[in-house]
There are 2 protein chains.
Amino acid sequence: MSQNAGHGMVTMNDVARLAGVSKMTVSNVVNNRDGVGDVVRQRVLEAIRRSGYRVNVSARTLKSGRTGVIGLAVPEIGLPYFGHLAAHVIEAAGRQGFHVSIEQTGAAAAGEADAIAHSRTLHFDGLILSAVALDRPDEQLGDAGYPLVMLGEQDFGGRFDHVAMPNEEGTKAATAHLADQGCRRIAIVTGRVLDDVNMVTRRYRGYLAALAERGLDADPPLLFPLNDASMEAGRDAACRMVDSGLEIDGVVAVTDTVALGVLRGLADRGLRVPGDVRLIGFDDVPESRFIVPSLSTVAPDHRWMAERAVELVAERIRAPLRPTGRYVAPFELMIRESTR
Amino acid sequence: MSQNAGHGMVTMNDVARLAGVSKMTVSNVVNNRDGVGDVVRQRVLEAIRRSGYRVNVSARTLKSGRTGVIGLAVPEIGLPYFGHLAAHVIEAAGRQGFHVSIEQTGAAAAGEADAIAHSRTLHFDGLILSAVALDRPDEQLGDAGYPLVMLGEQDFGGRFDHVAMPNEEGTKAATAHLADQGCRRIAIVTGRVLDDVNMVTRRYRGYLAALAERGLDADPPLLFPLNDASMEAGRDAACRMVDSGLEIDGVVAVTDTVALGVLRGLADRGLRVPGDVRLIGFDDVPESRFIVPSLSTVAPDHRWMAERAVELVAERIRAPLRPTGRYVAPFELMIRESTR
DNA sequence: TTGTACGCGTTATCAT
DNA sequence: ATGATAACGCGTACAA
């Protein structure tokens with residue numbers, strides 16, 4: 001009821017007046033500290049209820065220096081994989097008492113650098129960055145102790161805490177599985193292989209490793225490049241693949257999202273999966289179980305990744321200068337209709 | 001470099017000392033106000049750069065009473081539809097200078113009520129709530145002027161600003177389209193029809209209206225209920241539908257996500273789409289264009305909805321007591337392979 | 001053009 | 001057990 005002049009907000013002072021105590025006592029009640037008599041506590045609680053008071057998080061933050069918010073920067077929250085991942089991060093963060101503010105980077109290095117700057121400007125307690133483009137965030141870093149955790153994609157060689165995908169191992173297992181099913185001419189649909197830290201590069205390596213192990217070769221290279229990791233790009237690549245006239249009986253797609261597009265492209269060209277060509281993806285997005293044919297895929301443990309990332313942020317807040325760690329998510333090969 | 005005792009943070013005072021000016025001058029430079037000489041301005045900017053100073057948003061917020069953050073509460077960010085929608089909301093909010101904090105409600109009334117309480121506790125400047133379960137948020141409301149915008153689903157009859165989906169009209173058009181394609185026994189796969197404000201109810205009404213208009217009847221009711229709007233539930237419903245033995249040549253699915261499950265269930269039972277049965281969804285999630293067969297669907301303008309919702313929040317911040325409005329998103333019927 | 005004093009709402013410290 | 005006072009970092013109003 002009694003309101004402050006400022007912004008129509010009920011403050012601790014208002015509550016204190018209403019309950020006939022000092023605002024310090026109100027603070028103690030609000031924060032469940034002891035040293036407050038039962039009668040007074042009840043009186044204060046009643047005053048809080050009646051006035052509709054809520055703690056002002058900004059003021060608390062100003063004192064504590066902590067916002068209780070961690071940022072999550074992903075290329076595009078609308079992509080199934082990142083939406084799925086974000087859901088896990090939000091839950092894990094909630095369990096640790098953090099809120100999550102989501103930023104979209106547009107899969108561009110500039111967006112990712114912005115997200116880091118932004119996170120610090122807004123004084124987020126930490127940032128989980130799902131980087132796919134940035135390759136040298138040295139300059140933006142500045143403070144080596146800022147809780148910045150890389151999630152999933154790029155690997156910056158120990159400069160940051162990093163929760164990695166089993167890129168190489170997973171793709172190798174996927175490729176080997178295709179070989180086990182009798183495929184001899186296995187193509188890969190992926191991004192352009194550019195540098196060393198790239199997720200694309202690592203998955204490509206896993207693919208090559210499996211081919212080598214099985215004595216299969218890929219000459220001419222059965223690599224069909226993408227401009228981005230969209231369904232549309234996947235479809236286009238599949239069409240190019242078929243139109244190339246090369247003999248191909250198995251396809252490794254760099255992500256499930258791309259695989260969905262590949263599936264579409266193959267259908268456009270009249271090829272059947274798994275009859276004419278087998279197909280395997282990476283990520284195990286929820287859709288993969290339900291599409292027809294259901295999609296075989298590499299299933300990293302997303303929940304594990306999200307939890308680990310949030311834990312790492314929390315740990316680094318506690319100990320800003322402890323050495324960084326790298327953790328690779330466990331994965332499972334989901335065998336479904338597309339490779340039967 | 002020079003740091004404050006508090007939390008290892010560089011403050012305006014530090015910058016002022018470093019530049020040999022008062023902190024007010026620093027403030028003026030930071031906020032691009034004029035009344036600062038060019039030489040001094042440069043000196044201050046240099047000091048900011050060197051010290052790595054960043055404005056403390058909490059302190060600014062404490063003064064202004066505004067956090068610059070709006071909340072977005074959705075059932076589950078991992079579902080394609082909500083991820084997609086969130087992407088648009090984040091973009092639209094960014095254009096208006098807001099950040100977005102995402103909350104998951106788990107499609108439960110309790111979660112939705114929590115989101116409202118939470119939003120106010122954290123002093124978000126507003127909240128966009130994609131409610132699917134809450135039916136009487138009167139109690140949580142409290143302050144009639146709080147910028148709370150309902151997005152997409154439930155309709156609370158004018159108590160809030162509301163950006164609605166074309167539920168009835170869209171489903172009616174979808175059903176009519178099936179009829180146009182020659183379907184005579186059109187089923188609907190949807191949630192349980194409970195109350196009056198429910199999205200499910202409205203879509204069901206649109207379906208019935210179209211049937212009535214075409215002189216088709218649905219007796220016994222060709223309604224196959226879902227427990228939730230998941231792909232899994234869609235598949236189960238489709239299986240029940242086929243197993244019921246009822247003659248059915250068209251299916252309206254309450255959402256695209258459900259339709260994906262239905263597609264799977266029909267495949268499990270050996271039925272082909274559109275050969276044996278035609279299928280149409282609602283939402284036009286990105287996947288719909290790419291699956292095989294591509295999914296006909298009702299495509300509301302998601303970008304429009306997100307922009308409208310953010311605008312409404314902004315308007316209500318400016319004028320807390322202006323009358324609420326209700327806006328229905330335009331939609332388009334996307335005709336694809338599943339109803340050819 | 002620049003500086004000073006004060007208040008925003010909360011919490012830590014110290015006193016009673 | 002409770003209260004007074006002084007920060008936290010920034011912005012406003014006013015003075016110089």
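Small disclaimer: the values here were computed from a predicted structure and weren't measured. Order of the sequence lines sets the chain letters (A, B, ...), proteins ahead of strands, with each chain counted from 1.
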Item to complete: Apply side-chain hydrogen bond (donor to acceptor under 3.5 Å, both in side chains) to B:Asp301 and list each qualifying residue two or more places apart in sequence or on a separate chain.
Response: none

Worksheet item: Is a donor-acceptor contact shorter than 3.5 angstrom present between the side chain of A:Lys63 and the base of D:dA7?
Response: yes

Worksheet item: How is A:Gly35 classified with respect to the nucleic acid when contacts are heavy atoms under 4.0 Å: base, sugar-phosphate, or nothing?
Response: base

Worksheet, complete the sentence: Applying side-chain contact (heavy atoms from CB on, under 4.5 Å) to A:Ala108 and not counting sequence neighbours gives none

Item to complete: Under the side-chain contact (heavy atoms from CB on, under 4.5 Å) rule, collect the residues that match up with A:Thr121, sequence neighbours excluded.
Response: B:Arg54

Worksheet entry | Phosphate-side-chain proximity, B:Arg33 and D:dT12, N/O vs OP1/OP2 below 4.0 Å | yes

Practice prompt. Could you tell me whether the side chains of A:Tyr146 and A:Ser119 share a donor-acceptor contact shorter than 3.5 Å?
Written response: yes

Worksheet item: Closer than 4.0 Å, any side-chain N/O of B:Arg60 to the OP1 or OP2 of D:dG11?
Response: yes

Worksheet entry | Qualifying salt bridge (Lys or Arg N to Asp or Glu O under 4.0 Å) pairs with a residue from residues 66-94 of chain A, counting only residues at least two apart or across chains | A:Glu91-A:Arg303

Fill in: First of B:Asp34 and B:Ala59 reached from the 5' end of DNA chain C, by closest nucleotide
B:Asp34

Fill in: Those residues that, when tested against B:Phe82, pass ring-ring contact (aromatic ring centres under 6.0 Å, His included) (two or more places apart)
none

Discussion item. Applying side-chain contact (heavy atoms from CB on, under 4.5 Å), can you list everything that pairs with A:Arg60, at least two apart in sequence or on another chain?
Written reply: A:Val30, A:Asn31, A:Val55

Under 3.5 Å between N/O atoms: give me all the protein pairs with nucleotides 14-16 of chain C, atom names plus distance.
none

Discussion item. Quick test of your reading: applying salt bridge (Lys or Arg N to Asp or Glu O under 4.0 Å), list the pairs with at least one residue in residues 94-107 of chain A, sequence neighbours left out, ordered by first then second residue.
Written reply: A:Arg95-A:Glu307

Discussion item. Give the residues of residues 21-32 of chain B touching DNA chain C, defined as any heavy atom closer than 4.0 Å, sorted by residue number.
Written reply: B:Val21, B:Ser22, B:Met24, B:Thr25

Response to the item:
Double-helix bend of the helix from C:dT1-D:dA16 to C:dT16-D:dA1, axes at both ends from 5 pairs, round to 10°, gives 40°

Item to complete: Could you name each residue pair satisfying ring pair (Phe, Tyr, Trp, His ring centres under 6.0 Å) that touches residues 94-118 of chain A, not counting sequence neighbours?
Response: A:His99-B:His118, A:His118-B:His99

Worksheet entry | Pairwise side chain to side chain donor-acceptor pair (under 3.5 Å) hits with a residue in residues 35-47 of chain A, at least two apart | A:Glu46-A:Arg49

